[in-house]
Engineer: 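Below are the structure tokens for one structure; questions will follow.
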Amino acid sequence: KGVDVAKTLTGSKSYDPPSLGANAIQSTTVTVTGAEVGNTVDVGFSIALGLYSRMWGEVTASDIVTVYHQNLTTNVVDVSSGTLTAKVNQ
């Protein structure tokens with residue numbers, strides 16, 4: 001029997017998240033060549049988000065990962081610019 005070997009695809013871009021109002025969610029896209037709807041996604045950002053916001057992603061079309069950024073507070077959250085990375089697992 002063979003062993004399945006997972007393949008990881010990666011895409012990244014410079015990103016300056018907009019200020020998020022109370023409990024708001026916004027999104028952006030990252031190109032990950034070879035990504036397919038249904039693949040799992042891990043998202044990383046080079047700047048600490050702290051306890052007040054979170055980011056996650058999903059493959060929404062071939063080669064496209066949509067990354068969501070959510071403010072978990074009732075205050076405005078403003079995160080500095082950094083590098084947004086999406087890793088897709090197949």
Side-chain angles (χ1 to χ4, degrees):
K1 291 183 175 180
V3 176
D4 289 337
V5 176
K7 182 166 73 170
T8 301
L9 309 171
T10 303
S12 63
K13 70 177 189 177
S14 295
Y15 183 59
D16 187 6
S19 294
L20 287 176
N23 301 305
I25 298 176
Q26 66 82 37
S27 64
T28 189
T29 59
V30 177
T31 300
V32 181
T33 303
E36 300 172 0
V37 173
N39 293 155
T40 59
V41 178
D42 295 314
V43 173
F45 193 58
S46 62
I47 303 297
L49 298 176
L51 300 174
Y52 309 112
S53 67
R54 67 181 182 143
M55 289 185 177
W56 73 96
E58 65 179 331
V59 180
T60 52
S62 294
D63 302 331
I64 301 295
V65 171
T66 299
V67 176
Y68 304 93
H69 183 202
Q70 180 180 18
N71 177 353
L72 301 171
T73 73
T74 57
N75 300 310
V76 172
V77 169
D78 190 12
V79 178
S80 299
S81 63
T83 301
L84 180 60
T85 302
K87 292 184 178 182
V88 174
N89 305 299
Q90 294 186 315

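One-based numbering along the sequence shown.
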Engineer: Working to the nearest 0.5 angstrom, can you tell me the gap between K13 NZ and T28 OG1?
Structural biologist: 2.5 Å
Engineer: Counting only heavy atoms from other residues, nucleotides and ligands, does the tally under 6.0 Å from OH of Y68 exceed 12?
Structural biologist: yes
Engineer: Restricting to non-hydrogen atoms, name the atom on I47 and the atom on G82 that form the minimum distance, rounded to 0.1 Å.
Structural biologist: CG1-CA, 4.0 Å
Engineer: In Å, rounded to the nearest 0.5 Å, how long is the span from NZ of K87 to OG1 of T10?
Structural biologist: 5.5 Å
Engineer: So, for P17 and D78, which heavy atoms are closest and what is the spacing to 0.1 Å?
Structural biologist: O-OD1, 4.1 Å
Engineer: Considering all heavy atoms of both residues, which atom of G34 and which atom of D63 are nearest to each other, and what is their separation?
Structural biologist: N-OD1, 2.7 Å
Engineer: How about T31 and I64: do any of their side-chain heavy atoms sit closer than 4.5 Å?
Structural biologist: yes
Engineer: First locate atom CG of L72, then atom CG of L51, and finally report the distance between them rounded to the nearest 0.5 Å.
Structural biologist: 9.5 Å
Engineer: Show, in sequence, the C-alpha distance, side-chain angles and deciding distance for L20 and V76, and conclude whether the side-chain contact (heavy atoms from CB on, under 4.5 Å) test is met.
Structural biologist: CA-CA 6 Å; L20 287 176; V76 172; over 6 Å; no
Engineer: Grab the two heavy atoms, one from G11 and one from V32, that are nearest each other, plus how far apart they are.
Structural biologist: N-CG2, 3.8 Å
Engineer: Do Y15 and V30 pass the side-chain contact (heavy atoms from CB on, under 4.5 Å) test, and can you show the C-alpha distance, the side-chain angles, and the key distance before you say yes or no?
Structural biologist: CA-CA 10 Å; Y15 183 59; V30 177; over 6 Å; no
Engineer: Which is it for T33 and L9 under the side-chain contact (heavy atoms from CB on, under 4.5 Å) test, yes or no, and what are the steps along the way?
Structural biologist: CA-CA 7 Å; T33 303; L9 309 171; over 6 Å; no
Engineer: What are the two closest non-hydrogen atoms of T85 and S12, and how far apart are they?
Structural biologist: OG1-CB, 3.6 Å
Engineer: Which value, rounded to the nearest 0.5 Å, describes the distance between T8 atom OG1 and N39 atom CG?
Structural biologist: 10.5 Å
Engineer: For a quick test of reading the model, state the closest non-hydrogen atom pair linking V77 to Y52 and the distance between them.
Structural biologist: CG2-O, 4.0 Å
Engineer: Kindly indicate whether the side chain of H69, heavy atoms from C-beta on, has any atom under 4.5 Å from the side chain of L49.
Structural biologist: yes
